[in-house]
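The structure appears below as structure tokens.
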Amino acid sequence: MGFAEQRFNVNLSILFTELPLLERPAAAAAAGFTAVELWWPWIDTPTPEQSELDALKRALEDAGVRLTGLNFYAGELPGPDRGALSIPGEESERFRANIDVAADFAGSLGATALNALYGNRVDGVDPAEQDALALENLVLAARAADRIGAVLLIEALNKPESPRYPLVSAAAAVGIVDKVNAASGLGNARFLMDLYHLSMNGEDLPAVIEQFTPKTGHVQIADNPGRGAPGTGTLPLEELLGLLAKAGYDGWVGLEYKPGDRPSSEAFDWLAR
């Protein structure tokens with residue numbers, strides 16, 4: 001199994017960011033992609049004006065690319081934040097205000113995955129209190145995802161870059177997946193397996209793939225070190241994606257890497273047309 005056998009989509013929140021948001025779908029299409037994913041594009045608000053939502057929907061439809069995945073509101077990303085749903089007070093309220101907005105937008109475009117970043121630990125707040133709040137909010141998110149026929153994704157990040165984020169292993173993220181499924185009764189929570197983050201944590205990636213592929217709803221890749229395109233680092237990404245396929249994963253693989261000091265349109269030379 002090689003790259004040619006995979007279904008790749010491109011993350012428009014890390015690639016093509018040299019362009020305005022509404023120009024990125026067409027640029028992805030011009031680069032040969034039929035599907036894209038996004039972090040929550042409006043970092044300053046969980047509830048943008050309907051006109052802004054409509055404009056992005058129109059840009060995606062006009063470009064002829066499918067939106068396959070969307071993050072719920074996660075605070076300032078990229079930036080210091082790593083999600084909002086476990087942070088007491090205003091941030092978790094903003095997350096709740098975003099749930100139906102994000103789900104309705106994703107559903108209107110046929111997206112089948114919604115990613116809910118857990119949020120950083122907060123000084124002076126009991127981690128158990130944050131975890132209880134997180135579970136409440138994740139159950140609400142799971143119900144919204146179920147309403148549009150989507151899965152809810154739970155992601156592990158990496159400790160060196162996200163030292164206050166509590167889910168920094170595959171096992172920790174899958175543990176939350178299991179708790180959400182038990183609490184909601186829906187069974188639609190899944191693990192987001194980001195091979196870059198897991199490699200930064202020093203995990204045994206073939207073992208992670210063997211153990212957790214059945215609970216995986218989406219895969220993202222970037223090379224390591226550097227979070228660049230495949231071939232810019234040392235991760236055997238082609239081999240790892242082959243192991244995922246053999247383990248039964250047949251979903252999208254999100255390209256969530258930095259283009260480097262070149263236009264994003266030139267960052268796909270590793271990928272056979």
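Owing to the predicted nature of the structure, the values given are computational and were not obtained by experimental measurement.
Side chains of Val125 and Pro127 form no contact here, defined as non-hydrogen atoms less than 4.5 Å apart. The shortest side-chain heavy-atom distance between Ile154 and Leu138 falls under the 4.5 Å cut-off. A 4.5 Å side-chain heavy-atom check between Val219 and Trp252 finds every atom pair outside the cut-off. With contacts defined as side-chain heavy-atom distances shorter than 4.5 Å, the pair Leu243/Glu210 does not qualify. In this structure, Pro230 and Ile221 have side chains that are in contact, with non-hydrogen atoms separated by less than 4.5 Å. Side-chain atoms of Asn9 and Val36, non-hydrogen and from C-beta on, never get closer than 4.5 Å to each other. Counting heavy atoms from C-beta on, the side chains of Glu52 and Leu56 never come closer than 4.5 Å. Counting heavy atoms from C-beta outward, Leu53 and Gln50 have side chains that approach closer than 4.5 Å.
Cluster membership for Ile99 and Leu133, using ILVMFWY side-chain heavy atoms within less than 4.5 angstrom, is not shared. Residues Leu140 and Leu186 do not share a hydrophobic cluster, clusters being chains of Ile/Leu/Val/Met/Phe/Trp/Tyr side chains in contact below 4.5 Å. Residues Val253 and Leu192 do not share a hydrophobic cluster, defined by chaining ILVMFWY side chains whose heavy atoms lie under 4.5 Å apart. Hydrophobic clustering, with ILVMFWY side chains joined whenever heavy atoms are under 4.5 angstrom apart, keeps Tyr196 apart from Leu255. One hydrophobic cluster, built from ILVMFWY side chains closer than 4.5 Å, holds both Leu12 and Leu15.
Note that CG of Leu167 and CG of Asn158 are 12.5 Å apart. Values are rounded to the nearest 0.5 Å. Atoms CD1 and CG, on Ile14 and Leu38 in that order, are 12.0 Å from each other to the nearest 0.5 Å. We find the CG-CD1 distance between Leu135 and Ile176 to be 7.5 Å, quoted to the nearest 0.5 Å. To the nearest 0.5 angstrom, Leu240 atom CG is 9.0 Å from Ser199 atom OG. To the nearest 0.5 Å, atom CG of residue Asp261 and atom CD of residue Glu266 are 10.0 Å apart. With rounding to the nearest 0.5 Å, the separation of CG in Leu195 from CD in Gln220 is 9.5 Å.
Side chain to side chain, Ser264 and Glu18 meet the donor-acceptor criterion of an N or O pair below 3.5 Å. Between the side chains of Tyr73 and Glu91, at least one donor N or O sits under 3.5 Å from an acceptor N or O. With hydrogens and angles left out, the side-chain atoms of Trp39 and Glu256 include a donor and acceptor closer than 3.5 Å. No side-chain donor from either of Gln6 and Tyr249 sits under 3.5 Å from a side-chain acceptor of the other. For the 3.5 Å distance criterion, the side chains of Tyr165 and Asp81 fail to qualify, holding no donor opposite an acceptor. Of the N and O atoms on the side chains of Glu37 and His218, at least one donor lies less than 3.5 Å from an acceptor on the other residue. Using modelled atom types and a 3.5 Å distance limit, the side chains of Asn71 and Asn115 yield a donor-acceptor pair.
Here the shortest heavy-atom pairing between Ala27 and Phe16 reads CB-CD2, 3.6 Å. Taking all atoms of both residues into account, the shortest heavy-atom contact from Tyr257 to Ala267 is OH-O, 2.6 Å. Across all non-hydrogen atoms, the minimal contact from Val168 to Ser162 is CG1-O, 4.3 Å. Residue Ile43 comes nearest to Arg94 through the heavy atom pair O-NH2, 4.3 Å, listed as atom of the first residue, atom of the second, then distance. The two residues Leu77 and Ala74 make their nearest non-hydrogen contact at CD2-CB, 4.2 Å. Heavy atoms only, all atoms of each residue included: Gln130 and Val122 are closest at OE1-N, 3.0 Å.
Aromatic ring centres of Phe95 and Phe72 lie closer together than 6.0 Å. Centroid-to-centroid, the aromatic rings of Phe8 and Phe268 stay 6.0 Å apart or farther.
The main-chain N or O of Asn224 is never found under 3.5 Å from a side-chain atom of Arg227 such that the two would form a donor-acceptor pair. With hydrogens and angles disregarded, no donor-acceptor distance shorter than 3.5 Å links the side chain of Asn201 to the backbone of Glu203. Within the 3.5 Å criterion, the main-chain N or O of Val180 finds a donor-acceptor partner in the side chain of Ser184. Without hydrogens or angle criteria, Asp223 side chain to Thr234 main chain gives a donor-acceptor distance under 3.5 Å. In this structure a side-chain-to-backbone donor-acceptor pair under 3.5 Å is missing from Arg121 to Arg164. Remark: side-chain polar atoms of Asn181 are paired, donor with acceptor, to backbone N or O of Ala189 under 3.5 angstrom. At distances below 3.5 Å, at least one donor-acceptor pair connects side-chain atoms of Ser92 with backbone N or O atoms of Gly89.
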Q | Test side chain to side chain contact (heavy atoms under 4.5 Å, CB included) applied to Glu155 and Leu157, step by step | A | CA-CA 6 Å; Glu155 182 174 10; Leu157 301 183; 3.7 Å; yes
Q | Step-by-step side chain to side chain contact (heavy atoms under 4.5 Å, CB included) determination, Glu61 to Leu109 | A | CA-CA 8 Å; Glu61 291 175 337; Leu109 287 157; 3.9 Å; yes
(Q) For Leu85 and Tyr118: C-alpha separation, side-chain torsions, deciding distance, then whether side chain to side chain contact (heavy atoms under 4.5 Å, CB included) applies. (A) CA-CA 6 Å; Leu85 63 91; Tyr118 200 81; 4.3 Å; yes
Q: Begin from the C-alpha positions of Arg96 and Glu136 and carry the test salt bridge (Lys or Arg N to Asp or Glu O under 4.0 Å) through to its verdict.
A: CA-CA 10 Å; Arg96 290 193 184 196; Glu136 288 180 22; 3.1 Å; yes
Q | Intermediate values then yes/no, salt bridge (Lys or Arg N to Asp or Glu O under 4.0 Å), Arg7 and Asp250 | A | CA-CA 8 Å; Arg7 289 198 301 164; Asp250 61 358; 5.7 Å; no
Under 3.5 Å, which donor-acceptor pairs do the side chains of residues 141-153 form with other protein atoms, sequence neighbours left out?
unit_1	atom_1	unit_2	atom_2	d
Arg147	NH1	Asp104	OD1	2.8
Arg147	NH2	Asp100	OD1	3.1
Arg147	NH2	Asp104	OD1	3.0

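Within a 6.0 Å sphere centred on CD of Glu49, other residues, nucleotides and ligands contribute 12 heavy atoms or fewer.
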